[in-house]
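Remarks on the structure that follows.
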Amino acid sequence: MRPVYLDNNATTRVDPDVVKSMLPFLTDQFGNPSSAHAFGDSVCAAMKKARRQLQALIGAQFDDEIIFTSGGTESDNAAILSALEATPNRTEIVTSAVEHPAVLTLCAHLEQTRRLKVHRIPVDRSGRLDLDAYKAALTPHVAIVSIMWANNETGTIFPVARLAELAKESGALFHTDAVQAVGKLPMDLKSTAIDMLSLSAHKLHGPKGIGALWIKRGVHFSSMIKGGHQQRDRRAGTENTPGIVGLGMAAELALKFMEDTATRVKSLRDRLEDGILQSIPNTYVTGDPVERLPNTANISFEHTESDGIPHLLSRLGIACSSGSACTSGSMEPSHVLSAMKSPHGAVRFSFARDNSEADVDRVLQVMPAIVEKLRGSPPCGSRGRSPEEARSGLCLSGSRTGCHS
Ligand SMILES: *Cc1c(COP(=O)(O)O)cnc(C)c1O
């Protein structure tokens, strides 16, 4: 049977047109874009084109506001570290409790090593940001606010345009991790008070290891990676030209398919949600019911350990992911679900434009039996391990597999 891929918030399939656009830059067009000869010139021009393609997708005013990085993680790190360097007399960071580890791990590190104060704004049970706590944290001590545009686990969208205006009033810079939002939501950055934005190619059908940081013209930027003069001294190192060209093409395609994502992809997501909620009792959708990415379904199943569902689906060739990790027999809910005080684990199904109705039907066909099976078995940790579990070192109703190399 054809595998069903519903884990597009983890990564997406590279679009064949993206691959096609990249191939010349792995063959004939191998020049260094910094070289002052024809080999460099044509590659330099291709990079310029990629900047324009991205500019159109995010609604940036100028194409030179975009610097290419190795991905979302680097962009997040570069934005926060630059802001701290620009305003050394401001020693506080405002972020949310549900950010990606690319932001939260850096913030925890800065708190420990530089004694900076970090405000982690809580969310409610729907994943909505506590606006009063946010406003209270915005004092003249804050160097930077870093709040994601949309959450990768629940799809909940934060009102970043409004949050950026509030940050501006307090004199803090505003950065947003928009890795999950870019390509799924229309954007017009030039009409907002947002100062910096991170994005990543592999979340929008581009290649891995390439992303970008958009920095509004006029915002001071201090480079995290020191070296040569590439990208106007803002990110040293010879550019990943095939990746950059691929990111540009991925951006162009994302813009072209934006309407399709808002309608057809959303209707696939809704069909899966409705189907599961109707056929399986004691299930509910996690996250903001309205302000939510069109591609993401995060569903809680009461009385099951959520890792069990992705595991059993995986055996049937269906890929999705859970919001929790079962380590040494005990369930650890994700930091996002914990922040939402969600008492149950959840399963994330995330769609993209290459999904079909047949994918939804496959999942709906097998889900009731899987949940019934898991609800019938005692929870992981409260029972002995079966021989198969002992052999694999996994807990079947809550196993965590994956590459830890
Ligand atoms: C995937 C992701 C990242 C990390 O991006 P990489 O390109 O994999 O480093 C950061 N933030 C969010 C919200 C993400 O979903």
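Numbering of residues begins at 1 and proceeds along the displayed sequence. Read the numbers this way: they start at 1 and go in the same order the structure lists the ligands and their atoms.
Contacts between Glu74 and ligand 1 below 4.0 angstrom, taking non-hydrogen atoms only, are absent altogether.
Each of the following atoms of ligand 1 lies closer than 4.0 Å to a heavy atom of Ser200: 6 (P), 7 (O). Distances below 4.0 Å separate heavy atoms of Thr73 from the following atoms of ligand 1: 4 (C), 5 (O), 6 (P), 9 (O). The atoms of ligand 1 that sit less than 4.0 Å from any heavy atom of Asn152 are 13 (C), 15 (O). Residue contact check: Gly71 has heavy atoms under 4.0 Å from atoms 7 (O) of ligand 1. Within ligand 1, the atoms closer than 4.0 Å to a non-hydrogen atom of His202 are 6 (P), 7 (O), 8 (O), numbered from 1 in the order shown. Every atom of ligand 1 with a heavy atom of Lys203 under 4.0 Å away is listed here by number and element: 1 (C), 2 (C), 3 (C), 14 (C), 15 (O).
Side-chain contact check for Ser75 and Thr69: at least one donor-acceptor pair (N or O, by modelled atom type) lies under 3.5 Å. Using modelled atom types and a 3.5 Å distance limit, the side chains of Asn295 and Thr261 yield no donor-acceptor pair. If you check the side chains of Ser146 and His175, you find a donor sitting under 3.5 Å from an acceptor. Donor-acceptor pairing under 3.5 Å is recorded for the side chains of Ser334 and Glu153. Between the side chains of Glu291 and Thr156, no donor-acceptor pair of N or O atoms lies under 3.5 Å.
Closest to atom 3 (C) of ligand 1, if we only count protein heavy atoms, is His100 NE2, 3.4 Å. In terms of protein heavy-atom proximity, atom 11 (N) of ligand 1 is closest to Asp177 OD2, 2.6 Å. From the protein, the heavy atom lying nearest to atom 6 (P) of ligand 1 is Gly72 N, 3.5 Å.
In this structure, Phe25 has its ring center at least 6.0 angstrom away from the ring center of Phe30.
By the 4.0 Å N-to-carboxylate-O rule, Arg13 lies close enough to Asp354 to be salt-bridged with it.
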